[in-house]
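All residue numbers in this chain count up from 1 along the given sequence.
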Amino acid sequence: SSKKKRSGKGKYRNGKYVMRKGPLVIYGDENNNIKRSARNLPGVDVCNVNRLNLLQLAPGGHLGRLVVFTKDAFAQLNNIFGTFRRRGVQKKGYALNRCQMTCADLSRIINSDQVQNKLRGVKTSVRTHMKTRHNPLKNKVQMKRLNPFDAVRRANDLKAQAAAKANRSKVIKEKRSKAGKAAKAKRSARQQDLEKGLVQSFKAADDLIAAEIRAGEIHESDDDEE
């Protein structure tokens, strides 16, 4: 179920599929058939106890892989790696690592008075300047350092914006009221009367000029010359 295609271009390099690691079966010389019986199981690896590989015991450097030993393989570990009393036979001269600490409570040792008295005090450093430069037009703290009046200016701007918004709402409300609609209708009627008066005045002037032309008082050639 964990078998899937490898992402990226690595699928073209003889590694098209990837699969998660499963348990590791370690066998001895008496059970060589385990290698053939387990090779068809997906994710299961087998290894001979005489050829233990760190990359198989901890693939990718991650500890905690499930390792299954056969009885004869487990019995051969003392002969290969030895014990705390004698060295290994197959790995000649190999000795198991011993714990150097008799007390495993490390936090108790560190916090003990004997250790704390020998430690130096905590070093503290005061930064004399800012690590990065800040733009006062975008950074409020920096602007406040340069201009202490900036906070008052911001408050005044917000107050003016709130007042302008309230005034605009009041004006819109007055325009949409009955009195506002009546005043608008009155202004519209006055404008329409003015436009009608202008049209009548221009029409009367045109009629007067046409009458004078018919009476011969004004010649059209004179108008063209003028």
Side-chain angles (χ1 to χ4, degrees), residues 1-135 138-142:
S1 59
S2 64
K3 185 178 180 181
K4 60 180 180 180
K5 286 187 177 181
R6 186 188 300 273
S7 61
K9 295 184 178 180
K11 62 172 65 73
Y12 305 121
R13 304 187 185 105
N14 296 327
K16 185 175 182 181
Y17 296 98
V18 292
M19 183 184 300
R20 293 182 180 179
K21 293 289 185 180
L24 174 65
V25 180
I26 298 177
Y27 63 92
D29 296 334
E30 298 178 3
N31 298 315
N32 287 327
N33 293 330
I34 293 179
K35 182 177 181 180
R36 292 186 176 183
S37 61
R39 64 185 178 183
N40 198 30
L41 299 176
V44 178
D45 296 334
V46 293
C47 180
N48 192 293
V49 69
N50 297 317
R51 294 184 295 274
L52 287 178
N53 189 355
L54 184 60
L55 296 178
Q56 290 181 333
L57 293 173
H62 302 287
L63 302 177
R65 185 176 188 181
L66 176 61
V67 181
V68 181
F69 285 88
T70 60
K71 186 177 181 179
D72 59 332
F74 197 80
Q76 292 182 22
L77 290 177
N78 292 339
N79 188 31
I80 298 172
F81 299 100
T83 62
F84 290 115
R85 295 184 178 181
R86 62 183 180 87
R87 295 179 179 272
V89 177
Q90 294 186 18
K91 293 175 68 69
K92 188 175 181 180
Y94 181 82
L96 293 177
N97 296 326
R98 288 181 177 272
C99 299
Q100 300 296 329
M101 296 178 59
T102 57
C103 179
D105 194 355
L106 185 60
S107 61
R108 180 181 177 184
I109 296 174
I110 294 174
N111 296 325
S112 62
D113 296 336
Q114 293 80 0
V115 176
Q116 293 295 326
N117 291 334
K118 300 298 181 180
L119 297 178
R120 293 182 300 178
V122 180
K123 293 183 178 180
T124 57
S125 59
V126 180
R127 183 182 296 175
T128 57
H129 58 85
M130 291 185 298
K131 189 174 182 181
T132 57
R133 298 182 63 182
H134 299 287
N135 186 359
K138 298 181 179 179
N139 192 305
K140 295 181 181 179
V141 177
Q142 185 67 13

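- Among pairs with a residue in residues 5-61, none fulfils ring pair (Phe, Tyr, Trp, His ring centres under 6.0 Å), at least two apart in sequence or across chains.
- The local environment of CZ in Phe74 is sparse, with at most 12 non-hydrogen atoms from other residues, nucleotides or ligands closer than 6.0 Å.
- Between Ile34 and Val25, some side-chain heavy-atom pair lies under the 4.5 Å cut-off.
- Counting only heavy atoms from C-beta outward, the side chains of Pro23 and Val67 never approach each other to under 4.5 Å.
- Using modelled atom types, one side-chain atom of Gln116 and one backbone atom of Ile110 make a donor-acceptor pair closer than 3.5 Å.
- The shortest distance between side-chain heavy atoms of Ile26 and Leu57 falls below 4.5 Å.
- Here the NZ-CG distance, from Lys21 to Leu66, works out to 14.0 Å after rounding to the nearest 0.5 Å.
- With a 6.0 Å radius and a threshold of 12 heavy atoms from other residues, nucleotides or ligands, Asn32 has its CG atom above the threshold.
- In this structure, Lys4 NZ and Lys16 NZ are separated by 15.5 Å, a value rounded to the nearest 0.5 Å.
- A donor-acceptor distance shorter than 3.5 angstrom exists from the side chain of Asn139 to the backbone of Gln142, with no hydrogens or angles considered.
- Although no hydrogens or angles enter the test, the distance criterion places no donor-acceptor pair under 3.5 Å between the side chain of Asn79 and the main chain of Gln76.
- Every side chain to side chain donor-acceptor pair (under 3.5 Å) that Thr70 has, sequence neighbours left out, goes to Asp72.
- A donor-acceptor contact shorter than 3.5 Å links the side chain of Lys11 to the backbone of Arg6.
- Taking 4.0 Å as the cut-off between side-chain N and carboxylate O, Arg65 and Asp45 count as a salt-bridged pair.
- Between Asn53 atom CG and Asn48 atom CG the span is 12.0 Å, to the nearest 0.5 Å.
- In this structure, Glu30 places its CD atom where only 12 or fewer heavy-atom neighbours from other residues, nucleotides or ligands lie under 6.0 Å away.
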- Item | Intermediate values then yes/no, salt bridge (charged side-chain N to carboxylate O under 4.0 Å, His left out), Lys118 and Asp113 | CA-CA 9 Å; Lys118 300 298 181 180; Asp113 296 336; over 6 Å; no
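- Expressed to the nearest 0.5 Å, how far CD1 of Ile80 lies from CG of Leu52 amounts to 6.5 Å.
- The closest donor-acceptor contact from the side chain of Arg87 to the backbone of Gly82 lies at 3.5 Å or more, if one exists at all.
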